[in-house]
Asker: 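Sharing a structure with you now.
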2 protein chains.
Amino acid sequence: MSRVSELPSAAGSPRRSDGEATHAAILKAAMQLASVEGLGSLTIGRLARELGISKSGVFAHFRSKQRLQQETIAAAEAIFTHEVVEPALAAPEGRARVEALCASYLSYVERGVFPGGCFFAQLLAEFDGPSGGIHDQVVIGQRGWMGLVKELIATAQHRGELDADIEADQLAFELYAHLELANYLSTLYRDTSLLDRGRRAVASTLTAASPRGMRASEEPSA
Amino acid sequence: MSRVSELPSAAGSPRRSDGEATHAAILKAAMQLASVEGLGSLTIGRLARELGISKSGVFAHFRSKQRLQQETIAAAEAIFTHEVVEPALAAPEGRARVEALCASYLSYVERGVFPGGCFFAQLLAEFDGPSGGIHDQVVIGQRGWMGLVKELIATAQHRGELDADIEADQLAFELYAHLELANYLSTLYRDTSLLDRGRRAVASTLTAASPRGMRASEEPSA
DNA sequence: TTAAAAATCGCACGGTCGTGCTAATATGTC
DNA sequence: GACATATTAGCACGACCGTGCGATTTTTAA
């Protein structure tokens, strides 16, 4: 579970403890840098400079730049899962869990888990062009996120807590859109209060998706 | 009106016709490249290679890379205004104009006016960090767009075509969010049918924002 | 304690970047 | 047609990029 950075390397290499620490330190710096300036401006020389080690010292840990990028994404995924997905799954199944996921995402942006806002929103915009292997990795991650949102919505619908006549895909799109733009604007303007627009948008979208007959009172607890 | 690329150069230089043509060709290629791979990977050498002219030939037209970036953004703004804003302003004032703006934006993405989707969505994500002068230019452009959406909404509210109790800023945020995500996803998956999610999201948001008493029938013409 | 191997460094390579400088060439004006 | 000058090419520079290689240092297991 906690062994994240094990892409297919595995076998004949007993890692040394100091090496593992450096490896982790590099990935941490890489995630911060990439979340602010994008994976594209993630540079081996720059990481080395910032960490006070040599370029070769950094390079030796990933034997190509692509590998460094992949591991950075994987490490960020682990953090995202821990900071956003797991807290939401702790909420009771159904509509509450949908709300928890949205709240959890906005809080993750607000707390500055990554200094440049949501790590994956950055990726989404950066690799919309077919830029090789990274593009596919981004698509897979995106699909997973969208799938999760949709799944939680569908469950809420089965429980009668959201209008079952609304396509889950469509509702997922709308919630996702609010989360993303809240992230972008709050990052661009460096103003976390903009996240409240996202919160209100999520709330009003969910209100509009309440099952028929449960309307008229706009909010359950306002 | 059509003289776009006149940043403060103006005075003592009567441009020659061939030079002006090259200048325009460079900007065209620059916009295409930047919309697909971002302003960051806009490179003088690469532009030269693609256009079959020398690096110095490109460089001479903008006397710094920053200037090239600024002019590229300015040129893209002109196209955006022509392709999105002006058609919307041709629609009758009020709610219709709000709908026209959203439709016009999504159509602009769909038609592939820029090969990498919306030029400014790319910028929004790329310069969320404080990366110098370009950042400010992006903020200004963003503010202008958001202001336009908000203004059209406010007008529709004054005319009683949208619920005046909803904050115009909030409604603008929600519509904008749908447009942006539709752009991102359709670009990422290279599937323009994803834009229909945006269209439906816009429609349902506007329906939910209809003035009180005009509800119950979900769509005016469905 | 010693030996194997992992971690790190220093150095070098070819490539591309942005940017100057000078020289050749094309255009538009008188 | 000639002259001024805008345009473009050619070349060089220093900086940084990713990547390889050998030497050195540090950890760890026998």
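A, B, ... follow the sequence lines: proteins, then strands. Residue 1 opens every chain.
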Asker: Name the closest nucleotide to the A:Arg46 side chain, picking from D:dC17, C:dT8, C:dT19.
Answerer: D:dC17
Asker: Can you tell me if the side-chain N/O atoms of B:Thr22 get under 4.0 Å from OP1 or OP2 in D:dT8?
Answerer: yes
Asker: For the pair made of CG in A:Leu42 and P in D:dC17, what is the distance, rounded to whole Å?
Answerer: 11 Å
Asker: By nearest atom, which of the nucleotides C:dT19, D:dT19, D:dT27 is closest to the B:Lys65 side chain?
Answerer: C:dT19
Asker: Tell me: CZ of A:Arg16 to P of C:dA6, nearest whole Å?
Answerer: 9 Å
Asker: Of the options D:dT8, D:dT28, C:dT19, whose atoms approach the side-chain atoms of B:Phe59 most closely?
Answerer: C:dT19
Asker: Is the closest basic N to carboxylate O distance between A:Glu167 and B:Arg200 below 4.0 Å?
Answerer: yes
Asker: Round to a whole Å and report the spacing from CG of B:Leu68 to P of C:dC17.
Answerer: 13 Å
Asker: Quick one, B:Phe173 with B:Val149, criterion side chain to side chain contact (heavy atoms under 4.5 Å, CB included). Give me CA distance, side-chain angles, the key distance, then yes/no.
Answerer: CA-CA 9 Å; B:Phe173 174 94; B:Val149 178; over 6 Å; no
Asker: Using only side-chain N and O atoms of B:Arg49, determine if any of them is under 4.0 Å from OP1 or OP2 of C:dC17.
Answerer: yes
Asker: Using atom CD of A:Glu20 as one end and atom P of D:dT27 as the other, report the distance to the nearest whole Å.
Answerer: 15 Å
Asker: B:Gln70 has an atom CD; how far is it from atom C1' of C:dG18, in whole Å?
Answerer: 16 Å
Asker: Just compare C:dC17, D:dC16, D:dT28 and give me whichever is closest to any side-chain atom of B:Lys55.
Answerer: C:dC17
Asker: Counting distance only, does the side-chain N/O of A:Ser186 pair as donor-acceptor with the main-chain N or O of A:Thr192 below 3.5 Å?
Answerer: no
Asker: What is the nucleic acid contact for A:Ser56, judged by heavy atoms within less than 4.0 Å: base, sugar-phosphate only, or nothing?
Answerer: base
Asker: Can you label the angle between the B:Phe114 ring and the B:Tyr108 ring as parallel, tilted or perpendicular, going by 30° and 60°?
Answerer: perpendicular
Asker: Taking the six-membered ring for Trp, is the centroid-to-centroid distance between B:Phe119 and B:Phe80 below 6.0 Å?
Answerer: no
Asker: Which nucleotide sits closest to the side chain of A:Ile53: C:dA7, C:dG18, C:dC9?
Answerer: C:dC9
Asker: From CG of B:Leu47 over to P of D:dT8, roughly how many Å is that when rounded to an integer?
Answerer: 14 Å
Asker: From the set D:dG18, C:dG18, C:dT8, return the single nucleotide nearest to any side-chain atom of B:Thr43.
Answerer: C:dG18
Asker: What integer distance in Å separates B:Ile44:CD1 from D:dG10:P?
Answerer: 17 Å
Asker: Does D:dT28 have OP1 or OP2 sitting under 4.0 Å from an N or O in the side chain of A:Ser17?
Answerer: yes
Asker: To the nearest Å, give me how far apart NE2 (B:His23) and P (D:dT7) are.
Answerer: 10 Å
Asker: Considering just the side-chain nitrogens and oxygens of B:His61, establish if one lies under 4.0 Å of OP1 or OP2 belonging to D:dT8.
Answerer: yes
